[in-house]
Amino acid sequence: MHVVMIGGSDAGISAALRARELDPAAEVTVILEDAYPNFSICGIPYYVSGEVTHWRNLAHRTIGDLEAAGMRLRLDTVARRIDVPGRKLLVSSAGGEEEVLGYDKLVVGTGAVPVRPPIGGLAGPGALGSTDGVHLLHSMGDTFAVMDTLEQTAPASAVIVGGGYIGLEMADAMTVRGLAVTQMEQLPEVLPTVDAELGALVHAELAARGVEVLAGTAVQAISTAAPGAAGRLEVAATGPGGAAVTRLADMVLVVVGVRPESTLAADAGATLGVRGAIAVDPGMRTGLPDVFAAGDCVITHHRLLGVTYLPLGTTAHKQGRVAGQNALGGDRAFAGSLGTQVVKIFDHAAARTGLRDHEARAAGFDPVTVGSAADDHKAYYPGSHRIAMRFTGDRATGRLLGVQLFGHKEAEIAKRIDIAATAIFHGMTVEALSDLDLSYTPPLGSPWDAVQMGAQAWTRHIS
Ligand SMILES: Cc1cc2nc3c(=O)[nH]c(=O)nc-3n(C[C@H](O)[C@H](O)[C@H](O)COP(=O)(O)OP(=O)(O)OC[C@H]3O[C@@H](n4cnc5c(N)ncnc54)[C@H](O)[C@@H]3O)c2cc1C
């Protein structure tokens, strides 16, 4: 049995590890277009900030570890064409030599590529790029380009286009590096994946750390600044009310989301779904014989929404594992995402799981969302922090649909959102979350944990 994975990141490597785990005799080959298999691109902001001191430290596993696990790595190799009936893959090396590889089962883990928005100066003849200090960010190659700009041109200032979670992490990282950062987000508030009430708290944290936050500001064009200007680049935008906004900066980072890299699979006949991602069943089967797919290149099965597109590393790992198992003849199903995520912004963290009010309404629920706040541990013990919470539940059934949290990074925001994620995963009601037997000691919690107090606030509100 020869299993070939295309893509050497979360999905491809998870599939390869699972296949080797289940059948140590299976021949497993991983094809990747760069030389950085199994790197944690989620950790890029912390390498840029200097908190992770060497890029090699971002590797989940070294090449030696992966080879010891029994997989053959084909670095700097691009998969060009899949011959589905012939079960063959055309690949080319960095030098341009082409080769045909046979496979018994194929797992496509081609991931996502950063969106290049229609901003003047980013496309077409004379487009600005990394040597001009204008960067997109997704791969290790992108990271090295950002580091070159930082180390060789010693920029004093940066504009970050995009106020999603990666934009926020990079605002944190660049500020830690000593740059003056301006963050531009076209929606009315930063971190638009949480309600504006919590986005405003994120905004306040950024501002308190010296980041200039321009929400409701759509970037129109990036150009080279005039000689002698206070920055090598000029960013022109339209602010609230249509006001013209201009900022000068030494570098610009454009981080406005990703799109699935699904062309290879589509060219082979795979069906595409939401946002052009590869359609797969919960077993990560593409519908093409012997071809599986997983990670940011595929649609996401969501436990409350059905099919959506929600590219996340946690999801890519789980889907890859399912694909690896099923490629060996297994019958696992991806249990479904809840879009659980957490982001650190300086000393704070914001997190969400499940649905927000408008998402729940669109999915056919009758949602009620209630905001509240509680201490992470007993306030009489030093170092307690307030946690801002938003609970969304279904009015008719009391079912818990979504939770959003914001608080100090020491307030266990990630673990508390995971309590909520577990409850939603298992279809619990808001009230049942309040009944859970959670741990308590005054320096670390309360007899009613903060999330249970949030649940009780919701129940009080609707009764
Ligand atoms: C800065 C940053 C921070 C992030 N932080 C988080 C986080 O905190 N939490 C979280 O859950 N997620 C996070 N993510 C998202 C997460 O990294 C992705 O969801 C995850 O990497 C997806 O894994 P993947 O294997 O599907 O795809 P990708 O990581 O996109 O990898 C795709 C792989 O396929 C290769 N490839 C593509 N086409 C070909 C081809 N034709 N031939 C050969 N190889 C090919 C690529 O080179 C690459 O190796 C972050 C992403 C970024 C960029």
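Every number for a ligand or one of its atoms is a count from 1 in the order of the listing. Along the sequence shown, residues are numbered consecutively beginning with 1. These numbers were taken from a predicted model, which means no experiment stands behind them.
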Undergrad: Check the angle between the aromatic planes of Phe406 and His348 and answer parallel, tilted or perpendicular using the 30° and 60° thresholds.
TA: parallel
Undergrad: At less than 4.0 angstrom from any non-hydrogen atom of Gly295, what atoms of ligand 1 do you find?
TA: 26 (O)
Undergrad: Answer with yes or no whether the side chains of Glu261 and Thr110 bring together a donor and an acceptor at under 3.5 Å.
TA: no
Undergrad: Taking non-hydrogen atoms only, is Ala79 closer than 4.0 angstrom to ligand 1 via side chain, backbone, both or neither?
TA: both
Undergrad: Any non-hydrogen atom of Tyr165 lying under 4.0 Å from ligand 1?
TA: yes
Undergrad: Please confirm whether Asp10 comes within less than 3.5 Å of ligand 1 when only nitrogen or oxygen atoms on both sides are compared.
TA: yes
Undergrad: Under 6.0 Å between ring centres: does that hold for Phe144 and Tyr47?
TA: no
Undergrad: State the atoms of ligand 1, each with its element, that fall below the 4.0 Å cut-off from a heavy-atom position in Thr314.
TA: 11 (O)
Undergrad: Return the closest protein heavy atom for atom 30 (O) of ligand 1 as residue, atom name and distance.
TA: His138 NE2, 3.1 Å
Undergrad: Using a strict 4.0 Å cut-off to heavy atoms of Ala316, name the atoms of ligand 1 that fall inside it.
TA: 22 (C), 23 (O), 26 (O)
Undergrad: Output the list of atoms in ligand 1 that are nearer than 4.0 Å to some heavy atom of Ala112, sorted by atom number.
TA: 30 (O)
Undergrad: Given Ser139, Cys42, Ser9, identify the one with the heavy atom nearest to atom 7 (C) of ligand 1.
TA: Cys42
Undergrad: Identify whether the distance between the nearest side-chain nitrogen and carboxylate oxygen of Glu412 and Lys415 falls below 4.0 Å.
TA: no
Undergrad: Among all the protein's non-hydrogen atoms, which is closest to atom 27 (O) of ligand 1, and how far away is it?
TA: Gly111 CA, 3.1 Å
Undergrad: For ligand 1, which atoms sit closer than 4.0 Å to a heavy atom of Asp296?
TA: 18 (C), 19 (O), 20 (C), 22 (C), 26 (O)
Undergrad: For Leu444 and His377, which heavy atoms make the closest approach, and how far apart are they?
TA: C-CB, 3.4 Å
Undergrad: Could a heavy atom of Val258 be found less than 4.0 Å from some atom of ligand 1?
TA: no
Undergrad: Checking side chain to side chain contact (heavy atoms under 4.5 Å, CB included) between Val48 and each of Leu137, Asp172, Leu150, Leu253, which is the one that passes?
TA: Leu150
Undergrad: Heavy-atom contacts under 4.0 Å between Ile6 and ligand 1: side chain, backbone, both, or neither?
TA: side chain
Undergrad: Against heavy atoms of Ile41, which atoms of ligand 1 measure under 4.0 Å?
TA: 1 (C), 2 (C), 3 (C), 17 (O), 21 (O), 29 (O), 52 (C)
Undergrad: Kindly check if the number of other-residue, nucleotide or ligand heavy atoms within 6.0 Å of NZ (Lys344) is above 12?
TA: yes
Undergrad: Could you check, using the six-membered ring where one of them is a Trp, whether Phe39 and His60 have ring centers closer than 6.0 angstrom?
TA: no
Undergrad: Ala11 to ligand 1: N or O pair under 3.5 Å?
TA: yes
Undergrad: Which part of Ile166 is near ligand 1, with near meaning a heavy atom under 4.0 Å away: side chain, backbone, both or neither?
TA: side chain
Undergrad: Applying salt bridge (Lys or Arg N to Asp or Glu O under 4.0 Å) to Asp290 and Arg87, what does each step give before you reach the verdict?
TA: CA-CA 8 Å; Asp290 305 311; Arg87 288 191 299 195; 3.6 Å; yes
Undergrad: Any N/O of Gly313 closer than 3.5 Å to an N/O of ligand 1?
TA: yes
Undergrad: As a check for students: among Glu261, Arg80, Glu33, identify the option with a heavy atom nearest to atom 46 (C) of ligand 1.
TA: Glu33
Undergrad: Quick one: closest heavy-atom pair of Val159 and Arg247, and the distance?
TA: CG2-CB, 4.2 Å
Undergrad: Would you kindly check if the NZ (Lys) or CZ (Arg) of Arg399 is within the cone defined by 45 degrees around the ring axis of Phe365 and under 6.0 Å from the six-membered ring centre?
TA: no
Undergrad: Can we say Arg72 and Glu67 salt-bridge, meaning some charged N sits less than 4.0 Å from an Asp/Glu carboxylate O?
TA: no
Undergrad: For ligand 1, is there an N or O atom under 3.5 Å from any N or O atom of Gly8?
TA: yes
Undergrad: Which ligand 1 atoms are under 4.0 Å away from a heavy-atom of Thr110?
TA: 32 (C), 34 (O), 37 (C), 38 (N), 39 (C)
Undergrad: What atoms of ligand 1 come closer than 4.0 angstrom to any heavy atom of Gly7?
TA: 33 (C), 34 (O), 35 (C)
Undergrad: Indicate yes or no: does Asp449 engage Arg416 in a salt bridge with an N to O separation below 4.0 Å.
TA: yes
